[in-house]
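The structure appears below as structure tokens.
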Amino acid sequence: MKKLSTLSADTIVIYQIKNGDVETCTADCLIEFVEGHAGAKAFVGESVFAKANIFSFLEYIGEGEMYQDWVDDVMEDIKASDFRYGGFFKEINAIFKRHPTYYKGEEIEIDAQNEKWAKGFLK
């Protein structure tokens with residue numbers, strides 16, 4: 001279990017209070033929050049990024065609307081043509097990387113209880 005005091009101030013954390021509500025913030029924000037919420041649990045935020053590729057794009061477009069082998073047939077035509085799609089997916093994936101989703105990672109021991117003390121305590 002990681003200690004809050006060992007995290008950098010900008011580490012993304014997920015905290016859960018007793019009523020089950022879950023929020024995401026940075027470690028320095030968590031210090032302010034936990035003072036009024038005894039028993040809150042905190043976790044390191046593990047980031048997940050959406051990733052697009054030509055196959056997933058075609059599957060989405062053809063889902064439920066096209067014949068069974070439509071994606072495979074279209075992929076064969078794309079591969080046989082000079083159609084260049086790589087730049088589009090590179091750009092869209094770069095945008096997706098700026099908008100991650102966070103899931104609970106390793107639990108954090110909340111060892112910094114006073115905001116003024118903790119501000120100097122966090123790395």
Side-chain angles (χ1 to χ4, degrees):
M1 183 179 304
K2 289 188 176 188
K3 292 185 177 201
L4 180 59
S5 61
T6 65
L7 302 177
S8 64
D10 61 349
T11 299
I12 300 295
V13 297
I14 296 172
Y15 62 87
Q16 182 174 359
I17 57 178
K18 285 185 177 181
N19 72 2
D21 287 349
V22 176
E23 295 290 334
T24 302
C25 68
T26 57
D28 61 346
C29 169
L30 181 64
I31 296 294
E32 298 170 16
F33 172 80
V34 293
E35 286 186 350
H37 293 85
K41 289 190 174 192
F43 305 85
V44 174
E46 298 290 335
S47 59
V48 176
F49 305 97
K51 187 166 183 170
N53 60 51
I54 188 68
F55 189 77
S56 62
F57 176 74
L58 291 175
E59 278 189 321
Y60 177 77
I61 298 294
E63 185 178 346
E65 299 292 324
M66 300 298 162
Y67 60 90
Q68 186 173 352
D69 294 329
W70 181 85
V71 172
D72 294 332
D73 292 346
V74 171
M75 280 298 295
E76 284 181 34
D77 280 352
I78 289 173
K79 288 176 183 177
S81 74
D82 287 335
F83 180 68
R84 295 185 182 161
Y85 54 85
F88 169 77
F89 288 105
K90 182 179 178 183
E91 293 295 320
I92 198 72
N93 286 325
I95 292 169
F96 289 166
K97 234 182 159 125
R98 294 193 301 259
H99 301 278
T101 295
Y102 293 94
Y103 290 96
K104 293 178 186 175
E106 186 176 354
E107 189 168 358
I108 299 169
E109 178 185 338
I110 302 172
D111 60 340
Q113 298 298 323
N114 179 288
E115 180 184 351
K116 288 179 185 174
W117 174 72
K119 288 288 184 187
F121 196 52
L122 287 169
K123 294 183 179 191

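Here the structure is a predicted model, which means the values were calculated and not measured. Computed over heavy atoms, backbone and side chain alike; hydrogens, waters and symmetry mates excluded.
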Does I61 reach the side chain of V74, with side-chain heavy atoms less than 4.5 Å apart?
no

Identify whether V44 and I12 are in the same connected component of the hydrophobic contact network (ILVMFWY, side-chain heavy atoms under 4.5 Å).
no

Taking the side chain as C-beta and beyond, is there a heavy-atom pair between F55 and D72 under 4.5 Å?
yes

Is the number of heavy atoms from other residues, nucleotides or ligands within 6.0 Å of OH (Y103) greater than 12?
no

Counting N and O atoms only, with roles assigned by atom type, does the side chain of E106 sit under 3.5 Å from a partner on the main chain of M1, one being a donor and the other an acceptor?
yes

Under a single-linkage definition using a 4.5 Å side-chain heavy-atom cutoff for Ile, Leu, Val, Met, Phe, Trp and Tyr, are L58 and F96 assigned to the same hydrophobic cluster?
yes

Show every side-chain hydrogen bond (donor to acceptor under 3.5 Å, both in side chains) that has at least one partner inside residues 57-70, sequence neighbours left out.
Y67-D73

Looking only at heavy atoms, which two atoms of L7 and A27 are closest? And how far apart?
CB-CB, 4.4 Å

Under the side chain to side chain donor-acceptor pair (under 3.5 Å) rule, collect the residues that match up with E23, sequence neighbours excluded.
none

Per the side-chain hydrogen bond (donor to acceptor under 3.5 Å, both in side chains) rule, what does the pair list look like for residues 41-53, sequence neighbours excluded?
N53-S56

Looking at E107 and F43, what are the two nearest heavy atoms and their distance?
CA-CD2, 3.6 Å

Pairwise distance CG(L4) to CG(L30) - rounded to 0.5 angstrom:
5.5 Å

Can you name the residues that form a side chain to side chain contact (heavy atoms under 4.5 Å, CB included) with K97, not counting sequence neighbours?
F49

Partner residues of T24 under the side chain to side chain donor-acceptor pair (under 3.5 Å) criterion, sequence neighbours left out
none

Partner residues of T26 under the side chain to side chain donor-acceptor pair (under 3.5 Å) criterion, sequence neighbours left out
D28

So how far is it from C25 SG to I14 CD1, rounded to the nearest 0.5 Å?
9.5 Å

Do Y102 and I95 land in one hydrophobic cluster if side-chain heavy atoms of ILVMFWY residues count as linked below 4.5 Å?
no

Is it true that, when you exclude F89 itself, more than 12 heavy atoms of the residues, nucleotides or ligands shown sit nearer than 6.0 Å to its CZ?
yes

Shared ILVMFWY cluster between I108 and V22, side chains joined below 4.5 angstrom?
no

